[in-house]
Amino acid sequence: MLDIKSIRDNPEIFDQGWGRRGLAPQTPAILELDGRRRACQTRLQELLARRNDASRQIGEAKRKGENADALMAEVATLKTEIPRLEEEERQSAAELDSLLAGLPNLPAADCPDGPDETANVEVRRWGTPPNFDFKPREHFEIGEALGMMDFAAAAKLSGARFVVLKGALARLERALGAFMLDLHTSEHGYREVSPPLLVRDEAMFGTGQLPKFAADFFRTTSEHSLIPTAEVPLTNLHLGDILDEDKLPLRYTALTPCFRSEAGAAGKDTRGMIRQHQFMKVEIVSLTTPETAEAELARLTGCAEEVLRRLGLAYRVVMLSTGDMGFSSRKTYDIEVWLPGQGQFREISSCSHFGDFQARRMKTRYRPAAGKETRFVHTLNGSGLAVGRTLIAVLENYQQVDGSVIVPEALRPYMGGLERIIAHG
RNA sequence: GGAUGGGUGGCCGAGUGGUUUAAGGCACCGGUCUUGAAAACCGGCGUGGCGGCAACGUCACCGUGAGUUCGAAUCUCACCCCAUCCGCCA
């Protein structure tokens, strides 16, 4: 949610920013509604003031036993006008709110302009993709051959886009999650959280999933939503709060299942476990002051990259173009891991800086150490990392010609010392 | 699912129809005093609209919405949320 006052002051900046995301100018409609709303409010308050004044005089007159009929008649005429103005004011306010709530954040100045992912800009690479003296297989071929990745069983239970992991692969998923959490909590200063997976609309609104993207996640009959990412509960931990500056930055991490309906993804990544309705993910979230947010994005992205470095997986970092960025984001770096089976880099993390866009929706403010005016915090988050896709990367990068998979050094303590995953006999 | 209690400013908390411009306290900010600090005292201290260069003035806002009334934080109804107890349950 963007600030109506800023929009009033500098409409051209907003239209320009939205224009970079491919939107037509929005401010004429916004300013028109805003003007209408304020005009109604002004007129309404004039009438209310007059009514209150008259009512006071009526009370006084009655106490003195005087006649107040004229005043009462005047109030009666005001009462036909007031409800009409109230209704008009409420309606234009609601229209303005829903218009603003549906508009995306402005991209940062250094985001590359472009219509989609083809305009993303690679900013760095780490590691070298492994060489194979055989044709590397895709993760689902490896997993099924091991007898530990069962799409048929998942289809019976739940349908398409689900998977059953068994044996060492089930443990590998658990090991990856534990490894990532340990890294972020003990070395990167994030506080581990075990949050609810079902949240209210209020929380989904706060981080920007609602009102626009209701089709992307699942809803229960209890009017809860299943979280599409732990970003939702972690960021909304401070919904409505006013924090002291010395509490910032706040850094949280959580390992949770994530649920996505993948509406509109028909035909994309239908094989394997790249794109699922349910997957495990470690999320990292920071709440900061405006001054430190940009540095925090670099730090947070580095924390996510560190997971891949420890696992010895080659990756690159790309800065998303204005056409590929998420709704709430002002700037996003994607981390893409090398997948030998596919012969390409695939997204494994998305690290974003939201400015005060989410904080305005959540009403999360802080009180600066100097001065007492509250300010909105800045929020950031990133995957650190998507566990399912990391599992895919481990399988494809560490696969052996005999179909076995070497367990990366860093994960062995979490696998009971296991060095190699071999087929279930 | 059933019952009861409750939602007032950053926090606590008073307030059951018109001297409430929302008491009082805490926290915070400025000042007086002090070698400095603390204490004490004085003042300030929410959000939004409108007018004004500004100081400031003014109006609205007591969970949300509707209603009663000349007038509602206060009365009525509906809804939302929180707490406690009972039932069920990992």
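Letters go in sequence order (proteins before strands), and every chain restarts at 1.
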Give the ring-plane orientation class for A:H277 versus A:F162, where under 30° counts as parallel, over 60° as perpendicular and anything between as tilted. tilted

Salt-bridge criterion met for A:D9 and A:K5 (N-O under 4.0 Å): no

Neighbour count >12 (heavy atoms, 6.0 Å) for atom CD, A:Q16: no

Roughly, in whole Å, what's the span from CG in A:D34 to P in B:G49? 9 Å

Please list all pairs meeting salt bridge (charged side-chain N to carboxylate O under 4.0 Å, His left out) that have one or both residues in residues 217-233 of chain A, counting only residues at least two apart or in different chains. A:D201-A:R219

All pairs passing salt bridge (charged side-chain N to carboxylate O under 4.0 Å, His left out) where residues 279-290 of chain A contributes a residue, at least two apart: A:K281-A:E283

Polar atom pairs (N or O), protein with nucleotides 60-65 of chain B, under 3.5 Å:
from, atom 1, to, atom 2, distance (Å)
B:A60, OP1, A:N52, ND2, 2.1

Under 4.0 angstrom, heavy atoms only, what part of the nucleic acid is A:K5 near: base, sugar-phosphate, or nothing? sugar-phosphate

Pull out every protein N or O sitting under 3.5 Å from an N or O of nucleotides 7-13 of chain B, one pair per line with the distance.
from, atom 1, to, atom 2, distance (Å)
B:G10, O4', A:R367, NH2, 2.9

So, are A:E88 and A:R36 salt-bridged, with charged N and O less than 4.0 Å apart? no

Could you check how far CG of A:D3 sits from P of B:U47, rounded to whole Å? 14 Å

Contact class for A:R36 (heavy atom, under 4.0 Å): base, sugar-phosphate, or nothing? nothing

Pairwise N/O distances under 3.5 Å, protein to nucleotides 78-84 of chain B:
from, atom 1, to, atom 2, distance (Å)
B:C81, O3', A:R200, NH1, 3.3
B:C81, O3', A:R200, NH2, 2.7
B:C82, OP1, A:R200, NH2, 2.5
B:C82, OP2, A:R200, NH2, 3.2

For B:G46, the Watson-Crick or wobble counterpart (both distances under 3.5 Å): B:C61

Kindly write out the residues that satisfy salt bridge (Lys or Arg N to Asp or Glu O under 4.0 Å) with A:E173, not counting sequence neighbours, or none if the list is empty. none

